[in-house]
Amino acid sequence: MTTALRVPEELSARVPAEQRGKGLDRDAVRLLVSRGTEVSHHGFAELPGLLRAGDLLIVNTSPTLAAAVDGRIGHARVVVHFSTRGDDGRWAVEVRDPDGRGTTRARAGGPAGTEVRLPGGVRLVLEEPLTGRSPRLWWGRVSEPGGRVPEADVPGPEADVLGLLGRHGRPIRYSYTERDQPLSAYQTVFALPAADGAGSAEMPSAARPFTARLVAALVSRGVQFAPVTLHTGVASAEAHEPPYPERFAVPETSARLINAARAGDGRVVAVGTTAVRAVESATGVDGVVRAAEGWTDLVVTPERGVRVIDGLLTGLHEPEASHLLMLEAVAGRAAIDRGYDAALRGRYLWHEFGDVHLILPEEAPHTEHCASNCR
(Lines give C-alpha, C1' and ligand atoms only; values in the text may rest on other atoms or scores of the structure.)
Protein backbone atom coordinates (compact mmCIF):
# COMPACT_ATOMS: atom_id res chain seq x y z
CA MET A 1 0.00 0.00 0.00
CA THR A 2 1.15 3.56 -0.73
CA THR A 3 1.18 4.66 2.90
CA ALA A 4 3.65 1.86 3.73
CA LEU A 5 6.22 3.15 1.24
CA ARG A 6 9.23 5.15 2.34
CA VAL A 7 11.12 7.46 0.02
CA PRO A 8 14.90 7.00 0.21
CA GLU A 9 16.69 10.19 1.18
CA GLU A 10 18.81 10.11 -1.98
CA LEU A 11 15.66 10.50 -4.11
CA SER A 12 14.96 13.98 -2.76
CA ALA A 13 15.54 16.63 -5.42
CA ARG A 14 18.09 18.90 -3.77
CA VAL A 15 18.43 21.58 -6.47
CA PRO A 16 16.28 22.75 -9.40
CA ALA A 17 16.57 20.82 -12.66
CA GLU A 18 18.33 23.67 -14.47
CA GLN A 19 21.19 23.53 -11.96
CA ARG A 20 21.94 19.85 -12.50
CA GLY A 21 23.88 20.23 -15.72
CA LYS A 22 24.95 22.65 -18.41
CA GLY A 23 22.27 23.67 -20.87
CA LEU A 24 19.37 22.26 -18.87
CA ASP A 25 16.08 24.08 -18.42
CA ARG A 26 13.20 23.63 -15.99
CA ASP A 27 11.60 21.02 -18.23
CA ALA A 28 14.59 18.68 -17.84
CA VAL A 29 12.67 16.49 -15.42
CA ARG A 30 11.12 13.09 -15.87
CA LEU A 31 7.41 12.48 -16.37
CA LEU A 32 5.66 9.37 -15.10
CA VAL A 33 2.33 8.84 -16.86
CA SER A 34 -0.47 6.76 -15.33
CA ARG A 35 -3.55 5.64 -17.26
CA GLY A 36 -5.39 3.51 -14.79
CA THR A 37 -2.83 1.02 -13.47
CA GLU A 38 -0.75 1.22 -16.68
CA VAL A 39 2.35 3.41 -16.41
CA SER A 40 4.85 4.74 -18.92
CA HIS A 41 8.01 6.79 -18.61
CA HIS A 42 8.76 10.04 -20.45
CA GLY A 43 10.59 13.33 -20.30
CA PHE A 44 8.50 16.35 -19.37
CA ALA A 45 9.24 17.92 -22.76
CA GLU A 46 7.12 15.13 -24.28
CA LEU A 47 3.98 16.50 -22.61
CA PRO A 48 2.50 18.06 -25.80
CA GLY A 49 2.52 14.62 -27.44
CA LEU A 50 0.68 13.11 -24.48
CA LEU A 51 -2.18 15.59 -24.67
CA ARG A 52 -4.49 16.33 -27.58
CA ALA A 53 -6.42 19.17 -29.15
CA GLY A 54 -9.34 20.13 -26.94
CA ASP A 55 -7.65 19.18 -23.68
CA LEU A 56 -7.66 21.91 -21.03
CA LEU A 57 -4.96 22.54 -18.44
CA ILE A 58 -6.04 24.38 -15.28
CA VAL A 59 -3.10 26.38 -13.89
CA ASN A 60 -2.61 28.26 -10.63
CA THR A 61 -1.39 31.84 -11.14
CA SER A 62 -0.50 32.49 -7.49
CA PRO A 63 3.03 33.91 -7.10
CA THR A 64 5.33 32.63 -4.38
CA LEU A 65 6.21 34.96 -1.51
CA ALA A 66 9.54 35.28 0.29
CA ALA A 67 7.68 34.03 3.33
CA ALA A 68 10.49 33.09 5.76
CA VAL A 69 11.85 35.82 8.07
CA ASP A 70 14.41 35.58 10.89
CA GLY A 71 13.33 36.73 14.32
CA ARG A 72 13.91 36.38 18.04
CA ILE A 73 11.83 35.34 21.01
CA GLY A 74 13.75 36.68 23.95
CA HIS A 75 17.33 35.68 23.24
CA ALA A 76 16.37 32.65 21.12
CA ARG A 77 16.67 32.78 17.35
CA VAL A 78 13.58 31.66 15.44
CA VAL A 79 12.33 31.67 11.87
CA VAL A 80 8.78 32.85 11.14
CA HIS A 81 6.95 31.36 8.16
CA PHE A 82 4.20 33.78 7.11
CA SER A 83 1.50 31.47 5.81
CA THR A 84 -1.88 33.01 5.10
CA ARG A 85 -3.24 36.54 5.41
CA GLY A 86 -6.60 36.84 7.13
CA ASP A 87 -9.35 39.28 6.27
CA ASP A 88 -8.79 41.10 9.57
CA GLY A 89 -5.15 41.95 8.83
CA ARG A 90 -3.70 39.15 10.93
CA TRP A 91 -1.48 36.43 9.46
CA ALA A 92 -1.42 32.73 10.09
CA VAL A 93 2.21 32.05 10.97
CA GLU A 94 4.40 29.14 11.93
CA VAL A 95 7.34 29.79 14.25
CA ARG A 96 10.21 27.33 13.79
CA ASP A 97 13.69 26.81 15.21
CA PRO A 98 16.76 27.16 12.96
CA ASP A 99 18.54 23.81 12.66
CA GLY A 100 22.06 25.16 12.07
CA ARG A 101 22.08 23.92 8.46
CA GLY A 102 20.18 26.75 6.84
CA THR A 103 16.77 25.15 7.32
CA THR A 104 14.41 24.74 10.27
CA ARG A 105 12.76 22.24 12.58
CA ALA A 106 9.38 22.26 14.28
CA ARG A 107 8.83 23.90 17.65
CA ALA A 108 5.83 24.18 19.93
CA GLY A 109 3.47 26.99 18.97
CA GLY A 110 2.42 29.87 21.21
CA PRO A 111 1.60 30.57 23.93
CA ALA A 112 -0.81 33.46 23.40
CA GLY A 113 0.93 36.78 23.93
CA THR A 114 4.33 35.56 22.73
CA GLU A 115 6.18 38.41 21.04
CA VAL A 116 8.53 37.79 18.15
CA ARG A 117 10.98 40.57 17.29
CA LEU A 118 11.46 40.90 13.54
CA PRO A 119 13.86 43.02 11.45
CA GLY A 120 13.31 46.76 11.27
CA GLY A 121 11.77 47.02 14.71
CA VAL A 122 8.65 45.11 13.69
CA ARG A 123 6.88 43.04 16.36
CA LEU A 124 4.71 39.97 15.82
CA VAL A 125 2.37 38.98 18.67
CA LEU A 126 0.85 35.51 18.65
CA GLU A 127 -2.84 35.70 19.55
CA GLU A 128 -4.52 32.30 19.16
CA PRO A 129 -4.10 28.96 17.39
CA LEU A 130 -5.40 28.84 13.84
CA THR A 131 -7.46 25.76 14.65
CA GLY A 132 -8.07 23.52 17.61
CA ARG A 133 -6.58 20.55 15.75
CA SER A 134 -2.96 21.63 15.90
CA PRO A 135 -0.86 24.20 17.78
CA ARG A 136 1.51 24.54 14.82
CA LEU A 137 -0.07 27.57 13.15
CA TRP A 138 -1.11 30.69 15.06
CA TRP A 139 -2.90 33.88 14.19
CA GLY A 140 -0.48 36.73 14.80
CA ARG A 141 -0.70 40.48 14.50
CA VAL A 142 2.15 42.69 13.40
CA SER A 143 2.92 46.01 15.05
CA GLU A 144 4.98 48.67 13.37
CA PRO A 145 8.07 50.33 14.88
CA GLY A 146 6.88 52.49 17.75
CA GLY A 147 4.27 49.97 18.77
CA ARG A 148 1.37 51.04 16.50
CA VAL A 149 -0.86 48.09 15.56
CA PRO A 150 -2.63 48.75 12.24
CA GLU A 151 -6.40 48.53 12.48
CA ALA A 152 -8.07 45.79 10.48
CA ASP A 153 -10.30 48.26 8.59
CA VAL A 154 -7.49 50.69 7.75
CA PRO A 155 -5.82 50.06 4.38
CA GLY A 156 -2.21 49.11 4.62
CA PRO A 157 -1.55 46.48 7.30
CA GLU A 158 -1.09 43.76 4.70
CA ALA A 159 1.28 45.96 2.73
CA ASP A 160 3.41 46.42 5.85
CA VAL A 161 3.91 42.65 6.16
CA LEU A 162 4.48 42.30 2.44
CA GLY A 163 7.05 45.09 2.65
CA LEU A 164 8.75 43.20 5.49
CA LEU A 165 8.86 40.06 3.33
CA GLY A 166 10.18 42.02 0.38
CA ARG A 167 13.00 43.53 2.42
CA HIS A 168 13.92 40.69 4.76
CA GLY A 169 12.17 37.54 3.59
CA ARG A 170 13.44 34.53 1.67
CA PRO A 171 11.65 31.51 0.21
CA ILE A 172 10.72 28.76 2.65
CA ARG A 173 13.31 26.01 2.36
CA TYR A 174 13.13 22.47 3.65
CA SER A 175 15.92 20.25 4.91
CA TYR A 176 16.13 18.00 1.85
CA THR A 177 17.30 20.91 -0.33
CA GLU A 178 20.99 21.62 -0.75
CA ARG A 179 21.10 25.41 -0.43
CA ASP A 180 19.07 28.60 -0.49
CA GLN A 181 17.62 29.54 -3.87
CA PRO A 182 16.54 32.97 -5.17
CA LEU A 183 12.84 33.71 -5.14
CA SER A 184 12.81 33.42 -8.94
CA ALA A 185 13.52 29.69 -8.60
CA TYR A 186 10.18 29.34 -6.81
CA GLN A 187 8.06 31.23 -9.35
CA THR A 188 6.24 29.30 -12.06
CA VAL A 189 5.82 30.52 -15.62
CA PHE A 190 2.12 31.09 -14.80
CA ALA A 191 2.68 33.28 -11.72
CA LEU A 192 1.03 36.70 -11.91
CA PRO A 193 1.42 39.52 -9.39
CA ALA A 194 -1.78 39.93 -7.38
CA ALA A 195 -3.26 43.42 -7.18
CA ASP A 196 -3.16 43.25 -3.38
CA GLY A 197 0.30 41.70 -3.25
CA ALA A 198 -1.01 38.36 -2.00
CA GLY A 199 0.65 35.08 -2.90
CA SER A 200 1.56 31.60 -1.76
CA ALA A 201 3.80 30.73 1.15
CA GLU A 202 4.92 27.66 -0.79
CA MET A 203 5.29 27.33 -4.55
CA PRO A 204 2.46 25.69 -6.53
CA SER A 205 5.20 23.32 -7.61
CA ALA A 206 3.45 21.06 -10.12
CA ALA A 207 3.73 23.87 -12.69
CA ARG A 208 7.42 24.50 -12.13
CA PRO A 209 8.68 22.39 -15.09
CA PHE A 210 6.70 24.44 -17.62
CA THR A 211 8.69 26.84 -19.79
CA ALA A 212 7.47 29.48 -22.25
CA ARG A 213 8.70 27.24 -25.07
CA LEU A 214 6.69 24.28 -23.80
CA VAL A 215 3.56 26.38 -23.30
CA ALA A 216 3.85 27.55 -26.91
CA ALA A 217 4.16 23.92 -28.07
CA LEU A 218 1.03 23.00 -26.11
CA VAL A 219 -0.93 25.89 -27.58
CA SER A 220 0.20 24.83 -31.06
CA ARG A 221 -1.08 21.36 -30.23
CA GLY A 222 -4.54 22.80 -29.50
CA VAL A 223 -4.32 22.51 -25.73
CA GLN A 224 -6.00 25.36 -23.85
CA PHE A 225 -5.22 26.92 -20.48
CA ALA A 226 -7.65 28.04 -17.78
CA PRO A 227 -6.04 30.19 -15.05
CA VAL A 228 -7.28 30.03 -11.47
CA THR A 229 -5.77 31.25 -8.23
CA LEU A 230 -5.25 29.55 -4.90
CA HIS A 231 -2.83 31.07 -2.42
CA THR A 232 -1.23 28.10 -0.68
CA GLY A 233 -0.26 28.23 2.97
CA VAL A 234 2.51 26.45 4.82
CA ALA A 235 2.16 22.69 4.63
CA SER A 236 3.07 20.55 7.60
CA ALA A 237 6.41 18.90 6.89
CA GLU A 238 6.14 16.76 10.02
CA ALA A 239 2.50 16.06 10.90
CA HIS A 240 0.86 15.92 7.43
CA GLU A 241 -2.23 17.75 8.61
CA PRO A 242 -5.22 18.27 6.33
CA PRO A 243 -5.28 21.64 4.56
CA TYR A 244 -6.87 24.60 6.28
CA PRO A 245 -8.90 27.39 4.59
CA GLU A 246 -7.09 29.17 1.76
CA ARG A 247 -8.03 32.06 -0.52
CA PHE A 248 -9.03 31.18 -4.08
CA ALA A 249 -10.55 32.65 -7.22
CA VAL A 250 -11.99 31.07 -10.35
CA PRO A 251 -12.71 33.79 -12.95
CA GLU A 252 -15.73 33.70 -15.24
CA THR A 253 -13.63 33.11 -18.36
CA SER A 254 -11.98 30.05 -16.85
CA ALA A 255 -15.32 28.68 -15.66
CA ARG A 256 -16.63 28.94 -19.22
CA LEU A 257 -13.54 27.23 -20.65
CA ILE A 258 -13.87 24.31 -18.22
CA ASN A 259 -17.57 23.87 -18.88
CA ALA A 260 -16.97 24.01 -22.64
CA ALA A 261 -14.23 21.39 -22.46
CA ARG A 262 -16.50 19.09 -20.49
CA ALA A 263 -19.30 19.61 -22.99
CA GLY A 264 -16.94 18.55 -25.79
CA ASP A 265 -14.47 15.69 -25.89
CA GLY A 266 -11.59 17.47 -24.16
CA ARG A 267 -10.07 16.28 -20.90
CA VAL A 268 -9.85 18.69 -17.97
CA VAL A 269 -6.41 18.25 -16.40
CA ALA A 270 -5.47 20.18 -13.26
CA VAL A 271 -1.86 21.25 -12.87
CA GLY A 272 -1.34 20.62 -9.18
CA THR A 273 -3.57 19.78 -6.26
CA THR A 274 -4.07 23.51 -5.63
CA ALA A 275 -5.81 23.83 -9.01
CA VAL A 276 -8.05 20.88 -8.11
CA ARG A 277 -9.02 22.49 -4.82
CA ALA A 278 -9.81 25.84 -6.45
CA VAL A 279 -11.91 24.45 -9.29
CA GLU A 280 -13.76 21.87 -7.23
CA SER A 281 -14.60 24.67 -4.76
CA ALA A 282 -16.31 26.54 -7.59
CA THR A 283 -18.24 23.51 -8.89
CA GLY A 284 -21.84 22.85 -7.94
CA VAL A 285 -23.41 19.47 -7.29
CA ASP A 286 -24.71 19.73 -10.87
CA GLY A 287 -21.13 19.59 -12.15
CA VAL A 288 -21.21 23.15 -13.50
CA VAL A 289 -18.28 25.46 -12.71
CA ARG A 290 -19.26 29.01 -11.79
CA ALA A 291 -17.09 32.04 -11.14
CA ALA A 292 -16.26 32.19 -7.45
CA GLU A 293 -13.78 33.68 -5.02
CA GLY A 294 -13.19 33.78 -1.30
CA TRP A 295 -12.06 31.12 1.16
CA THR A 296 -12.23 27.39 0.66
CA ASP A 297 -12.01 24.72 3.31
CA LEU A 298 -12.70 21.92 0.83
CA VAL A 299 -10.83 18.68 1.39
CA VAL A 300 -11.09 16.41 -1.66
CA THR A 301 -11.27 12.77 -0.59
CA PRO A 302 -12.14 9.52 -2.39
CA GLU A 303 -15.49 9.58 -0.59
CA ARG A 304 -16.30 13.07 -1.84
CA GLY A 305 -14.76 12.50 -5.28
CA VAL A 306 -14.15 15.08 -8.00
CA ARG A 307 -16.84 16.65 -10.14
CA VAL A 308 -15.00 18.15 -13.12
CA ILE A 309 -11.37 17.00 -13.03
CA ASP A 310 -10.45 14.20 -15.44
CA GLY A 311 -6.70 14.18 -14.88
CA LEU A 312 -3.96 15.64 -12.73
CA LEU A 313 -0.36 16.70 -13.21
CA THR A 314 1.34 16.64 -9.84
CA GLY A 315 4.70 16.41 -8.18
CA LEU A 316 5.82 13.37 -6.25
CA HIS A 317 5.12 13.87 -2.57
CA GLU A 318 5.64 11.90 0.61
CA PRO A 319 3.19 8.97 0.79
CA GLU A 320 1.82 10.16 4.14
CA ALA A 321 0.80 13.57 2.79
CA SER A 322 -2.93 14.23 3.10
CA HIS A 323 -3.29 15.38 -0.51
CA LEU A 324 -2.67 11.82 -1.66
CA LEU A 325 -6.33 11.35 -0.79
CA MET A 326 -7.04 13.84 -3.54
CA LEU A 327 -4.99 11.80 -6.00
CA GLU A 328 -7.00 8.75 -5.05
CA ALA A 329 -10.21 10.73 -5.64
CA VAL A 330 -9.01 11.45 -9.18
CA ALA A 331 -7.54 8.07 -10.14
CA GLY A 332 -8.39 5.47 -7.50
CA ARG A 333 -6.18 3.77 -4.94
CA ALA A 334 -4.88 1.01 -7.23
CA ALA A 335 -3.63 3.51 -9.82
CA ILE A 336 -1.87 5.65 -7.23
CA ASP A 337 -0.24 2.64 -5.59
CA ARG A 338 0.96 1.42 -8.98
CA GLY A 339 2.29 4.86 -9.91
CA TYR A 340 4.19 5.31 -6.67
CA ASP A 341 5.67 1.84 -6.91
CA ALA A 342 6.87 2.67 -10.44
CA ALA A 343 8.28 6.02 -9.32
CA LEU A 344 10.33 4.38 -6.57
CA ARG A 345 11.58 1.57 -8.79
CA GLY A 346 12.41 4.07 -11.52
CA ARG A 347 14.37 6.29 -9.11
CA TYR A 348 12.27 9.37 -9.78
CA LEU A 349 13.14 12.50 -7.82
CA TRP A 350 10.71 13.88 -5.25
CA HIS A 351 9.53 17.19 -3.81
CA GLU A 352 9.18 20.65 -5.37
CA PHE A 353 12.30 20.47 -7.56
CA GLY A 354 11.70 16.87 -8.55
CA ASP A 355 10.00 14.87 -11.28
CA VAL A 356 6.28 14.90 -12.02
CA HIS A 357 3.39 12.50 -12.43
CA LEU A 358 0.65 12.85 -15.05
CA ILE A 359 -2.54 10.99 -14.17
CA LEU A 360 -4.87 10.54 -17.15
CA PRO A 361 -8.16 8.68 -17.46
CA GLU A 362 -7.96 5.07 -18.54
CA GLU A 363 -8.92 4.82 -22.20
CA ALA A 364 -10.52 2.16 -24.32
CA PRO A 365 -7.99 0.00 -26.24
CA HIS A 366 -8.82 1.46 -29.65
CA THR A 367 -7.99 5.00 -28.47
CA GLU A 368 -4.73 4.34 -26.67
CA HIS A 369 -2.51 4.99 -29.67
CA CYS A 370 -4.61 7.90 -30.84
CA ALA A 371 -4.15 9.75 -27.55
CA SER A 372 -0.60 10.71 -28.46
CA ASN A 373 -0.89 10.98 -32.26
CA CYS A 374 -4.34 12.21 -33.35
CA ARG A 375 -4.88 15.86 -34.13
Side-chain angles (χ1 to χ4, degrees), residues 1-21 24-47 81 96-106 136 171-181 185-186 202-209 232 234-243 272-274 312-328 330-359:
M1 298 177 67
T2 298
T3 53
L5 297 177
R6 291 295 180 269
V7 179
E9 185 177 348
E10 65 269 19
L11 294 186
S12 294
R14 303 191 181 283
V15 296
E18 62 272 22
Q19 297 178 18
R20 296 177 199 149
L24 296 180
D25 206 340
R26 289 182 171 214
D27 58 7
V29 297
R30 299 170 68 194
L31 176 64
L32 177 71
V33 178
S34 293
R35 293 185 178 91
T37 56
E38 297 298 317
V39 299
S40 57
H41 305 275
H42 306 267
F44 189 76
E46 298 176 58
L47 181 63
H81 290 174
R96 295 176 67 90
D97 288 323
D99 63 3
R101 300 188 301 272
T103 54
T104 61
R105 57 177 175 265
R136 180 177 69 94
I172 291 174
R173 175 190 160 200
Y174 289 112
S175 59
Y176 49 77
T177 56
E178 184 176 290
R179 56 181 176 270
D180 285 345
Q181 297 288 341
Y186 291 87
E202 295 182 350
M203 172 178 54
S205 57
R208 192 185 189 280
T232 64
V234 176
S236 167
E238 292 85 17
H240 304 293
E241 302 155 4
T273 56
T274 60
L312 174 62
L313 180 70
T314 181
L316 294 166
H317 302 284
E318 294 288 356
E320 295 85 3
S322 62
H323 54 218
L324 284 180
L325 292 175
M326 182 186 294
L327 273 63
E328 292 180 24
V330 174
R333 181 59 178 267
I336 299 307
D337 281 351
R338 179 71 178 87
Y340 269 61
D341 287 343
L344 286 175
R345 288 198 309 271
R347 309 289 291 176
Y348 279 69
L349 295 180
W350 298 63
H351 304 303
E352 67 266 30
F353 296 140
D355 298 317
V356 282
H357 185 191
L358 176 62
I359 301 169

Peer 1: How long is the straight-line distance from OG of Ser40 back to CZ of Arg35, given to the nearest 0.5 Å?
Peer 2: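 One finds 5.5 Å between CZ of Arg35 and OG of Ser40.
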Peer 1: By the definition side chain to side chain contact (heavy atoms under 4.5 Å, CB included), identify the one residue from Leu312, Leu31, Leu316 that meets it with His357.
Peer 2: Leu316
Peer 1: Using 0.5 Å steps for rounding, measure from the CZ atom of Arg14 to the CZ atom of Arg179.
Peer 2: 12.0 Å
Peer 1: Ignoring hydrogens, what is the shortest heavy-atom contact between Ala28 and Ala17? Give both atom names and the distance.
Peer 2: O-CB, 3.8 Å
Peer 1: Is a side-chain N or O of Asp25 found less than 3.5 angstrom from the main chain of Asp27, in a donor-acceptor match?
Peer 2: no
Peer 1: Would you name the heavy atoms of Val234 and His81 that are closest together and state the gap between them?
Peer 2: CG2-CB, 4.0 Å
Peer 1: Could you go step by step and tell me if Ile172 and Thr104 meet the side chain to side chain contact (heavy atoms under 4.5 Å, CB included) rule?
Peer 2: CA-CA 9 Å; Ile172 291 174; Thr104 61; over 6 Å; no
Peer 1: From Ile336 CD1 over to Thr37 OG1, what is the distance, rounded to the nearest 0.5 angstrom?
Peer 2: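 Between Ile336 CD1 and Thr37 OG1, I get 11.5 Å after rounding to 0.5 Å.
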Peer 1: Are Tyr176 and His351 near enough that their ring centres are under 6.0 Å apart?
Peer 2: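 That pair passes the under 6.0 Å test.
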Peer 1: What's the shortest heavy-atom distance between Ala13 and Leu349, and which atoms?
Peer 2: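 Smallest interatomic distance, heavy atoms only, reads CB-CB, 4.1 Å.
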Peer 1: As a quick check of understanding, evaluate side chain to side chain contact (heavy atoms under 4.5 Å, CB included) for Gln181 and Gln19, giving each step before the final call.
Peer 2: CA-CA 11 Å; Gln181 297 288 341; Gln19 297 178 18; 2.7 Å; yes
Peer 1: Out of the candidates Val39, Ile359, Val356, Leu358, only one should pair with Leu32 under the side chain to side chain contact (heavy atoms under 4.5 Å, CB included) rule; please name it.
Peer 2: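 Running side chain to side chain contact (heavy atoms under 4.5 Å, CB included) over Val39, Ile359, Val356, Leu358 with Leu32 returns exactly one hit, Val39.
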Peer 1: So, Arg30 side chain and Gly346 main chain: donor-acceptor pair closer than 3.5 Å or not?
Peer 2: yes
Peer 1: Side chains of Tyr348 and His41 only: does a donor on one sit below 3.5 Å from an acceptor on the other?
Peer 2: yes
Peer 1: Please report the interatomic distance CZ(Arg333) to CG(Leu324), rounded to the nearest 0.5 Å.
Peer 2: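 Going from the CZ atom of Arg333 to the CG atom of Leu324 covers 8.5 Å.
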Peer 1: Over all heavy atoms of both residues, which pair between Val15 and Phe353 is shortest? Give the atoms and the distance, please.
Peer 2: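 In terms of heavy atoms, the two residues are closest at O-CB, 3.5 Å.
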Peer 1: Give the minimum heavy-atom separation between Ala206 and Gly315, together with the two atoms involved.
Peer 2: CB-N, 4.2 Å
Peer 1: Between the side chains of Glu352 and Arg173, is the shortest nitrogen-to-carboxylate-oxygen separation below 4.0 Å, so that they form an ion pair?
Peer 2: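 Looking at Arg173 and Glu352, the cut-off is not met.
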Peer 1: Using only atom types and a distance under 3.5 Å, with no angle test, would you say the side chain of Ser175 pairs donor to acceptor with the backbone of Thr103?
Peer 2: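 Flag not set: sc Ser175 to bb Thr103 has no pair under 3.5 Å.
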Peer 1: Is the number of heavy atoms from other residues, nucleotides or ligands within 6.0 Å of CD (Glu9) greater than 12?
Peer 2: no
Peer 1: Is there a donor-acceptor contact under 3.5 Å from the side chain of Arg208 to the main chain of Ala185?
Peer 2: yes
Peer 1: Quick one: are Arg20 and Val29 in side-chain contact, heavy atoms under 4.5 Å?
Peer 2: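 SC-SC contact between Arg20 and Val29 confirmed.
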Peer 1: Which heavy atom in Ala331 sits nearest to a heavy atom in Ala335, and how many Å separate them?
Peer 2: O-CB, 3.6 Å
